[in-house]
Amino acid sequence: MKKTILIFLLSMTSVLYSQEKPKSYSYSLDEAISHALTNNYTAINAERDIASAKQKKWETTAMGLPQINGSVDFQNNIELQKSLIPAQFFGGNPGEFQEIAFGTKNNMNARTSLSQLLFDGSYIVALQASKTYLKFYQNAKQKTATDIRELVINAYGNVLLANESILILEKNKAILEKTLFETNEIFKNGLIEEENVEQLQITLSTVKSNLNNVKRLLEISSKMLKITLGLSIDDNLLLTDKLDTLTIRNLDTSFSKGGFSLEKNVNYQMALNFQEQRKLEYKLQKNKALPSLSANLNFGYNAFGNEFQFFTSNQRWLNYSNVGVNLNIPIFSSLARSARTQQAKIAYEKSKTDLIETSQKLKLQYENALSQYEFSIEEYATARTNLNLAERIEKKQQIKFTEGLSSSFDFSEAQRQLYSAQQNYLQSMVNIINKKAALEKIINSK
C-alpha cells in the first residue's frame with residue numbers, strides 16, 4: 001500500500017513539474033507592439049511565407065541551370081519474345097519457319113544524363129515573375145505588420161478602458177452605498193419617504209451589475225490582448241501605460257498636415273504587384289509562341305546475362321554515350337494559344353482598372369479616417385466638458401437631496417447622467433487612440 005502511494009505521489013510531482021508555469025510580462029504600448037510584430041502568430045507565418053517565396057524563386061531559377069539525373073534499370077525476361085525466321089537458313093525445308101528467341105534473360109542499364117536549357121522565352125518571364133512573387137509576400141508581411149499594430153493598439157486600449165471603468169464604477173458603488181446607508185437611516189427616523197431609499201437601491205443594483213459585467217469584459221479583453229501579442233492566455237500581463245497618458249500623446253492636430261501619399265500605402269503596393277503579375281502572365285502567353293532550345297548529354301553502361309551476375313568481376317559492361325540538341329517550334333495550335341493570350345490580356349486590362357479603383361477607395365478611406373480622427377478629438381473635448389458639468393450637477397442634486405430640497409427621482413437622474421458622462425469620457429479617450437492608429441495605418445506612418 002505504501003509503495004502504491006509513493007508511486008502515485010511521484011507521478012503527480014512529475015506531472016506538476018512538467019507543466020509549464022505561467023510567465024509574467026510588463027509592457028508599455030510601444031513595447032507590446034514591438035513584441036507582437038515578432039511573436040504574433042500571423043506575423044510568424046508571414047515570415048515563413050517570405051522564406052517559402054525565396055525557395056520558390058530559387059526553384060524557378062534552377063529550371064534554367066544544368067540538370068543531372070542518374071538511373072538504373074533492371075529487366076528480367078520471364079519468357080523471351082520469339083521471332084520466326086525461314087527454316088532453310090538452318091538447313092530446314094523451304095517454306096517452313098523456325099522459332100528463334102533473341103536476347104538474354106536478364107538486362108541491366110545504368111546511365112547518367114546532363115540537360116541544359118539554352119533558350120526558352122517562358123523561362124525568362126518565369127524569372128521575372130518569381131521576383132514579383134517574392135515582392136508580393138514581402139508586401140503581405142508589411143500589411144500584416146500594420147494590421148497587427150492596429151490590433152495591439154485597439155486591444156491594449158480596451159484593457160485600459162475596462163480597468164478605468166472598474167475604478168470609476170467601484171468609486172460610484174462606494175459613494176452610493178454610503179448615500180444609501182445615510183438615506184435609509186433618515187427613513188427609519190421617519191423624515192423621508194421609502195421611495196427615496198428604493199430609488200437608490202435600484203441605482204446601486206444597476207451599478208453593481210455594470211461592475212460585474214466590466215470585470216468579465218476585462219478578463220476577455222486581457223486574453224484577447226495576450227493572443228494578439230503571441231502569449232499564452234494563462235500568462236500574467238501588466239500594462240504600464242495609462243489611458244490618459246496615451247490620449248494626450250495621440251492628441252496631435254498637426255499630425256495629418258503631411259497629406260496622403262498613395263505610393264506608401266501597402267494596399268496600393270499590393271494592387272500594383274497584382275497588376276505586375278497579370279502583365280507577366282500576358283507576356284508569358286505571348287512568349288509561348290517562341291521556339292525553345294535545349295541540349296542533353298547521356299552516358300551509360302549496358303549488361304546482359306542469363307544469370308544475375310551483374311555485380312561479379314566476370315560480368316561484361318558495354319558503355320555508350322550520345323549528345324543531342326532539341327529544338328521545339330510551335331507552329332499551329334488551332335488558335336488555342338491565341339485564345340489563352342487574349343484571356344491573359346483581358347486579365348491584365350482588368351488589373352489596371354482594379355488599380356484605379358483601389359486608388360480611389362484608398363483616397364476616400366484616408367479622408368474618412370482623417371475625419372473620424374478629428375471628430376474624436378472634438379468628441380474628447382466635449383466629453384471632458386460634459387463630465388465636469390455632470391459632476392457639478394450630481395453634487396448639487398446630492399446636497400439638495402440630503403437637505404430634502406430635491407426628489408429621489410431628480411437625484412437618480414443626475415447620477416445616471418454622471419455615470420453616462422463618465423463612460424463617454426473614457427470611451428472618447430479610447431476613440432482618439434484607435435482613430436489615430438487607423439489613420440496611421442492608412443498613411444503608413446509608424
Side-chain angles (χ1 to χ4, degrees), residues 154 156-222 224 239 242-248 251 372 375-435:
N154 292 340
Y156 199 101
N158 288 336
V159 175
L160 294 182
L161 173 62
N163 278 323
E164 293 294 332
S165 297
I166 289 174
L167 293 177
I168 289 179
L169 287 170
E170 287 179 340
K171 179 182 178 182
N172 293 340
K173 175 174 168 288
I175 294 174
L176 267 173
E177 289 174 341
K178 182 175 180 292
T179 304
L180 177 59
F181 175 78
E182 294 173 350
T183 304
N184 193 41
E185 291 299 316
I186 297 174
F187 166 70
K188 290 179 180 179
N189 293 328
L191 299 178
I192 59 174
E193 297 182 358
E194 186 178 10
E195 179 185 350
N196 294 332
V197 178
E198 294 173 341
Q199 188 67 53
L200 287 174
Q201 288 175 337
I202 292 174
T203 305
L204 180 59
S205 297
T206 302
V207 170
K208 288 181 177 179
S209 177
N210 290 337
L211 178 59
N212 292 332
N213 182 52
V214 174
K215 287 181 178 179
R216 291 191 292 268
L217 289 176
L218 174 60
E219 183 71 17
I220 295 174
S221 300
S222 180
M224 181 60 68
L239 308 186
K242 301 299 181 183
L243 185 59
D244 54 352
T245 304
L246 291 178
T247 302
I248 299 301
L251 278 173
Q372 290 190 18
F375 174 71
S376 68
I377 296 176
E378 297 171 358
E379 187 183 37
Y380 169 69
T382 302
R384 183 171 55 182
T385 301
N386 290 344
L387 177 60
N388 292 332
L389 293 174
E391 287 175 344
R392 290 170 57 189
I393 293 173
E394 192 272 344
K395 187 174 182 180
K396 290 178 181 179
Q397 286 295 331
Q398 185 178 19
I399 295 174
K400 290 180 180 180
F401 176 74
T402 304
E403 294 178 353
L405 301 177
S406 176
S407 66
S408 60
F409 178 80
D410 292 334
F411 180 41
S412 297
E413 184 64 25
Q415 287 177 319
R416 284 192 289 270
Q417 184 175 260
L418 173 61
Y419 301 157
S420 177
Q422 290 170 339
Q423 291 303 314
N424 289 339
Y425 178 63
L426 293 178
Q427 187 62 52
S428 70
M429 290 194 287
V430 174
N431 287 343
I432 285 180
I433 299 170
N434 292 346
K435 300 306 179 183

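Every value quoted in this text rests on a predicted model; they were computed, and no experiment measured them. Computed over heavy atoms, backbone and side chain alike; hydrogens, waters and symmetry mates excluded.
- Counting only heavy atoms from C-beta outward, the side chains of Thr179 and Thr402 never approach each other to under 4.5 Å.
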> So Leu200 and Asn196, side-chain contact (heavy atoms from CB on, under 4.5 Å) or not? Walk me through it.
Replying inline: CA-CA 6 Å; Leu200 287 174; Asn196 294 332; 5.9 Å; no
> Does the side-chain contact (heavy atoms from CB on, under 4.5 Å) test come out yes or no for Val214 and Leu169, once each step is laid out?
Replying inline: CA-CA 9 Å; Val214 174; Leu169 287 170; 3.8 Å; yes
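- Side-chain contact between Tyr156 and Leu239: present, with at least one pair of heavy atoms (C-beta onward) separated by less than 4.5 Å.
- For the atom pair CD1 of Ile175 and CD of Gln415, the computed distance is 9.0 Å after rounding to the nearest 0.5 Å.
- Closest of all the heavy-atom pairs between Leu243 and Leu161 is CD2-CA, 4.4 Å.
- The minimum heavy-atom distance between Ala414 and Ile393, with the atom names listed, is CB-CG2, 4.2 Å.
- No side-chain donor-acceptor contact under 3.5 Å links Ser222 to the backbone of Leu218.
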>> Using side-chain contact (heavy atoms from CB on, under 4.5 Å), reason through Tyr419 and Ile168 one step at a time and then give a plain yes or no.
In response: CA-CA 9 Å; Tyr419 301 157; Ile168 289 179; over 6 Å; no
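- To the nearest 0.5 Å, atom CG of residue Leu217 and atom CE of residue Met224 are 12.0 Å apart.
- Proximity of a side-chain donor or acceptor of Asn213 to a complementary backbone N or O of Ser209 within less than 3.5 Å is not detected.
- The minimum heavy-atom distance linking Lys242 with Leu160 is given by the pair C-CD1, 4.0 Å.
- The environment of CD in Glu182 is crowded: more than 12 heavy-atom neighbours from other residues, nucleotides or ligands sit within 6.0 Å.
- The two residues Gln417 and Ala390 have their closest heavy-atom pair at O-CB, 4.2 Å.
- Side chain of Asn163 to main chain of Val159: a donor-acceptor pair is present (N/O by atom type, distance under 3.5 Å, no hydrogens or angles).
- Ion pairing between a basic and an acidic side chain is recognised when a charged N comes within 4.0 Å of a carboxylate O; Arg416 and Glu413 show such pairing.
- Counting only N and O atoms by type, the side chains of Asp410 and Ser407 include a donor and acceptor under 3.5 Å apart.
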>> Apply side-chain contact (heavy atoms from CB on, under 4.5 Å) to residues Lys395 and Arg392 and explain how you reach the verdict.
In response: CA-CA 5 Å; Lys395 187 174 182 180; Arg392 290 170 57 189; 5.8 Å; no
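- We find that Lys215 and Glu219 are not joined by a salt bridge, their nearest charged nitrogen and carboxylate oxygen being 4.0 Å or further apart.
- How far NZ of Lys208 is from CG of Leu176: 9.5 Å, rounded to the nearest 0.5 Å.
- Between Glu185 and Lys188 a salt bridge is recorded (basic side-chain N to carboxylate O distance below 4.0 Å).
- The shortest non-hydrogen separation linking Gln423 to Ser165 is OE1-OG, 3.4 Å.
- Phe375 CZ to Thr382 OG1: the interatomic distance, rounded to the nearest 0.5 Å, is 8.0 Å.
- Put simply, CD on Gln372 and CG on Asn434 are 11.0 Å apart, with the number rounded to the nearest 0.5 Å.
- Expressed to the nearest 0.5 Å, how far CD of Gln427 lies from CD of Gln422 amounts to 14.0 Å.
- In terms of heavy atoms, Ser221 sits closest to Asn158 at OG-CB, 4.1 Å.
- The residues Glu177 and Lys173 are annotated as salt-bridged, a charged nitrogen and a carboxylate oxygen being separated by less than 4.0 angstrom.
- Applying the ring-ring contact (aromatic ring centres under 6.0 Å, His included) definition to pairs two or more places apart or across chains, those involving residues 384-404 are Phe401-Phe411.
- At most 12 non-hydrogen atoms from other residues, nucleotides or ligands lie less than 6.0 angstrom from CD of Glu193.
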